[in-house]
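Below: the structure, in structure tokens.
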Amino acid sequence: KKHKKGKVEGAEKVGKKGIKKEKVLEEEKEQEVEKMEEEEEREEGAGGEMEGKDEVGKGSGDGKGVKEEEKLGETQSTGMEQEKEEEEGKGDGPEKEKKKKSRKKKLEGEEQEKEEKKREEEETPGKSRKRKSKEGGGEKNNKKARKEEGKEVENKWKWWEEEKKEDGVKWTQLEHRGPYFAPLYEPLPEDVRFYYAGKPLKLSLATEEIATFYAKMLDHEYTTKEIFQNNFFHDWRKEMTSEEQEIIQELAKCDFSEIHKYFVDKSEARKALPKEEKQKLKEEADKIQEEYGYCILDGHREKIGNFKTEPPGLFRGRGDHPKMGMLKKRIMPEDVVINCSRDSKIPEPPEGHKWKEVRFDNTVTWLASWTENIQNTLKYIMLNPSSKLKGEKDWQKYEVARRLKDVVHEIRARYRADWKSKEMKNRQRAVALYFIDKLALRAGNEKEEGETADTVGCCSLRVEHIRLHPRLDGQEHVVELDFLGKDSIRYYNKVAVEKQVFKNLQLFTKNKDPSDDLFDRLTTTFLNKHLQHLMDGLTAKVFRTYNASITLQEQLKALTNSEDNVAGKLLSYNRANRAVAVLCNHQRSVPKTFAKSMEILQTKIDAKKKQVEEAQQELKKAEDELEDTKDAKAEANVEKKKKLLKRLEEQLARLNVQATDKEENKQIALGTSKLNYLDPRISIAWCKKFGVPIEKIYNKTQREKFAWAIAMANEDFEF
DNA sequence: TCTTTGGACTCAGAAATATTTAG
DNA sequence: CCTAAATATTTCTGAGTCCAAAG
């Protein structure tokens with residue numbers, strides 16, 4: 001079923017003949033390899049090779065990969081140990097003192113945040129303050145809330161200061177309430193009707209529910225797609241009564257518009273609800289969150305990431321997904337496996353129901369799981385990123401990436417050498433690894449054909465995804481890559497590669513169809529096995545983490561100007577972040593209101609410019625007057641005007657920065673790299689070094705996720 | 001022994017919702 | 001000061017990676 005590599009696929013399709021054919025091909029290839037080698041030797045003799053001079057990254061001008069030369073002197077200890085060393089390196093005394101110190105730091109941090117807020121209030125007089133007073137009696141509540149928040153911070157579990165558990169065991173105590181189930185279907189009011197072939201038709205409850213799923217999506221592009229419509233209609237009909245099946249034969253004759261309107265109106269009504277009603281709704285939600293949103297893990301209360309089961313609906317695949325529109329069934333307690341500790345209070349299934357299973361597996365981190373009916377895969381309820389279990393793993397991930405830093409040069413030398421390997425397999429591996437390293441491509445596992453959208457990563461690239469240009473725009477050996485990656489996001493890049501890589505690619509594409517695998521002898525398993533052998537814990541994805549983080553560090557170093565004000569520094573940070581997002585190809589659709597809001601911003605800038613000019617003139621006038629009169633009043637006036645001018649100029653500068661940032665950010669999503677690829681300690685060290693409050697970089701949620709890093713990184717941290 | 005399948009976890013952008021800012 | 005629009009944050013769940021057990 002899987003999209004097999006060329007060899008196997010051939011065998012499957014044409015049987016023995018195919019295998020024979022393959023073998024011939026293989027021999028041919030081997031011969032070619034040898035031929036190429038001869039050529040290469042000749043060229044090398046002529047001194048035409050670029051050996052050694054072309055470090056990865058240089059050619060592309062993306063500035064990564066080259067700079068962190070020869071850090072081999074650093075300790076080779078394991079990550080965690082290294083961390084400890086760093087902590088101790090700060091000159092902290094015994095354990096207790098260390099703890100005290102970090103708590104103190106926390107407090108300082110909070111104060112800083114308050115300061116921050118104050119400053120902001122001053123900058124924009126009366127705005128945020130007003131909001132607060134508007135809440136009237138809320139003032140007290142507000143204070144209380146803040147106090148509580150502070151207390152919570154105090155109580156936060158500093159798991160990074162504790163000993164690590166033995167390998168494989170994830171917890172000793174786990175207690176929770178089980179998932180919160182999606183609300184049951186509420187039938188439509190009598191006056192909201194479905195029409196078939198122009199006539200109203202009363203649907204059975206189950207049929208009606210599924211109809212609402214489609215109706216709700218009516219103004220979404222999905223419902224215009226044929227696959228979506230077909231899948232939906234097929235699944236819908238399966239759930240109909242036989243009478244309904246008899247009548248409802250064509251989707252085109254179905255009229256969901258009244259149902260659609262009902263839901264649109266409903267959501268608008270909800271939006272227009274009076275304040276108190278909204279407040280009540282929110283309180284109810286908070287209560288559920290409070291009850292189901294947390295668990296106890298090893299004596300600590302930890303937030304759960306997704307404590308609700310996914311409601312039924314229509315499957316929304318990304319890109320050209322063959323299963324889009326299929327019915328996603330309602331999850332019942334009978335589908336759910338509960339995982340908790342033996343001695344804990346085992347969660348109660350909803351009235352009249354039973355769990356599928358209750359197990360006590362402390363080698364996994366999930367609290368509950370069920371099998372989803374579209375792809376027949378497991379879904380889990382797991383902890384929030386702020387939890388120990390996630391945080392520790394995250395930390396570990398960055399430590400692995402840091403270890404790669406120590407050996408990456410050897411690895412690069414190795415794969416460069418392998419570009420000339422006699423074995424086709426190894427050659428392909430070496431070229432693929434080069435792409436993974438230089439372009440930060442994903443590994444590219446094989447996928448089941450017809451089960452998912454047709455997307456690829458490095459190892460699954462096909463011949464049709466690359467074009468080879470011996471010369472292009474004044475550059476030699478240019479590879480043009482164009483393919484759909486994860487989430488069907490297009491990757492498009494023209495990149496100059498080394499001659500040897502280019503020649504190999506020519507070899508790999510020779511005598512192949514466009515739809516054949518570029519790396520037909522390569523699988524991610526084979527690649528990762530090799531990587532594991534080069535460094536403990538090394539896999540393809542580590543390169544993405546490593547290159548992302550090292551790029552951030554280098555870009556920050558290159559772009560930050562300590563003379564800049566905070567806004568200017570933040571622009572630099574965003575640019576560094578952006579460089580990483582570009583490298584990782586993290587994209588977003590251009591916001592709908594982008595052009596408009598850009599225009600508005602420009603108008604504002606123009607207006608501000610005018611104000612600045614006026615202020616300049618007024619200042620001059622005031623100075624002239626002072627010249628004449630030389631009295632104290634005139635002098636005060638000059639001072640006043642000076643101040644005004646300065647303020648306006650600052651405001652203008654800020655607007656300009658904002659505009660630049662916005663334009664550059666148009667199509668780029670910064671969030672993913674920030675949350676998943678950039679070692680937070682780099683950012684925190686940068687903040688400390690340049691006096692930028694951490695809150696400017698990380699919002700509350702992000703600070704919770706990276707609490708470990710905030711606690712342990714000082715300004716000297718080096719990735 | 002090798003491949004396939006199942007399982008568990010990270011990472012991904014869109015959509016929903018909350019908050020802030022502008023008019 | 002109020003409302004609406006813009007922006008920031010949070011939620012949601014699909015889509016990958018990688019490992020190990022099963023076949």
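Any value given below was found using the heavy atoms of this structure, including those in side chains, with hydrogens, waters and symmetry copies removed. Quick caveat, the model's predicted, so the values are computed rather than measured. Quick note on labels: first sequence line is chain A, next is B, and so on, each numbered from 1.
Between the CZ atom of A:F307 and the P atom of C:dT13 there is a distance of 12 Å, given to the nearest Å. Whole-Å rounding puts the A:L281 CG to B:dA18 P distance at 9 Å. Between the CZ atom of A:F526 and the P atom of B:dT3 there is a distance of 11 Å, given to the nearest Å. For A:Y677 and B:dG13, the OH to P distance is 9 Å, given to the nearest whole Å. At whole-Å resolution of the value, CG in A:D320 and P in C:dA15 are 12 Å apart. In this structure, A:H321 places its NE2 atom 9 Å from C1' of C:dA15, rounding to the nearest Å. The CD atom of A:E268 sits 14 Å away from the C1' atom of C:dA4 (whole-angstrom rounding). We find that OH of A:Y222 is positioned 10 Å from P of B:dA14, with the value rounded to whole Å.
In this structure, A:R544 reaches the B:dA12 phosphate: one of its side-chain N or O atoms is under 4.0 Å from OP1 or OP2. Residue A:H220 has no polar side-chain atom (N or O) positioned under 4.0 Å from OP1 or OP2 of B:dA14. Taking side-chain N and O atoms only, A:K379 has a distance below 4.0 Å to OP1 or OP2 of C:dG14.
Heavy atoms of A:K170 sit under 4.0 angstrom from primed sugar atoms or phosphate atoms, though from no base atom. Within 4.0 Å (heavy atoms only), A:K278 reaches no atom of the nucleic acid at all. Within 4.0 Å of A:I489, counting heavy atoms only, lie sugar-phosphate atoms of the nucleic acid but no base atom. A:P311 comes within contact range of the sugar-phosphate backbone alone, with a heavy-atom separation under 4.0 Å but no base atom that close. Among the heavy atoms of the strands, none lies under 4.0 Å from A:T525. Within 4.0 Å of A:Q375, counting heavy atoms only, lie sugar-phosphate atoms of the nucleic acid but no base atom. Among the protein residues, A:S369 comes within range of no part of the nucleic acid, since none of its heavy atoms lies under 4.0 Å from any strand.
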Working for side-chain contact (heavy atoms from CB on, under 4.5 Å), residues A:R270 and A:L281: CA-CA 10 Å; A:R270 223 175 78 100; A:L281 245 59; 3.4 Å; yes
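Using a 4.0 Å cut-off between charged nitrogen and carboxylate oxygen, A:E284 and A:K287 do not count as a salt-bridge pair. Using a 4.0 Å cut-off between charged nitrogen and carboxylate oxygen, A:E357 and A:R359 count as a salt-bridge pair.
Each of A:S589 and A:N676 has a nearest nucleotide on DNA chain B; the 5'-most of these lies closest to A:N676. Positionally, the nearest nucleotide of DNA chain C for A:T701 lies more toward the 5' end than for the other of A:T701 and A:L314. Annotation: of the two residues near DNA chain C, A:G317 and A:K308, the 5′-most nearest-nucleotide partner is A:K308. Projected onto DNA chain B by closest heavy-atom contact, A:S673 and A:T371 fall at different nucleotides, the more 5' of which corresponds to A:T371.
A cation-pi contact, defined as under 6.0 Å to the ring centre and within 45° of the axis, links A:R177 to A:Y292.
At least one donor-acceptor pair under 3.5 Å links the side chain of A:Y222 to the backbone N or O of A:G317. In this structure, A:E302 contributes its side chain and A:K388 its backbone to a donor-acceptor pair below 3.5 Å.
In this structure, the nucleotide among B:dA15, B:dT10, B:dG13 sitting nearest to the side chain of A:K397 is B:dT10. Residue A:Y380 has its side chain nearest to B:dC9 when only B:dA12, C:dT13, B:dC9 are considered. With distances taken from any side-chain atom of A:R316 to the nucleotides B:dA15, B:dA8, C:dT13, the minimum falls on B:dA15. Of the candidates C:dT10, B:dG13, B:dC11, C:dT10 carries the atom nearest the A:N699 side chain, counting heavy atoms from C-beta on.
With no hydrogens or angles considered, no side-chain donor-acceptor pair links A:K674 and A:S683 at under 3.5 Å. Donor-acceptor pairing under 3.5 Å is lacking for the side chains of A:E695 and A:N699. Defined by atom type and a distance below 3.5 Å, a donor-acceptor pair is missing between the side-chain atoms of A:D320 and A:S488.
Each end of the helix from B:dC2-C:dG23 to B:dG23-C:dC2 gets its own axis from five base pairs, and the two axes differ in direction by 10°, given to 10 degrees.
Taken from CZ in A:F360 to OG in A:S341, the straight-line distance is 8.5 Å, to the nearest 0.5 Å. The CD1 atom of A:I697 sits 7.0 Å away from the CG atom of A:N574 when rounded to the nearest 0.5 Å.
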Polar-atom pairs under 3.5 Å, protein N or O versus N or O of nucleotides 16-19 of chain C: list them with distances, or write none.
| from | atom 1 | to | atom 2 | distance (Å) |
| --- | --- | --- | --- | --- |
| C:dG16 | OP1 | A:T455 | OG1 | 2.6 |
| C:dG16 | OP1 | A:D487 | N | 3.3 |
| C:dG16 | OP2 | A:K447 | NZ | 2.9 |
| C:dT17 | OP1 | A:A443 | N | 3.3 |
| C:dT17 | OP1 | A:G444 | N | 2.6 |
| C:dT17 | OP2 | A:N445 | N | 2.9 |
| C:dT17 | OP2 | A:N445 | ND2 | 2.9 |
| C:dT17 | O5' | A:N445 | ND2 | 3.4 |
| C:dC18 | OP1 | A:T539 | OG1 | 2.8 |
| C:dC18 | OP1 | A:A540 | N | 3.2 |
| C:dC18 | OP1 | A:K541 | N | 2.7 |
| C:dC18 | OP2 | A:N528 | ND2 | 3.1 |

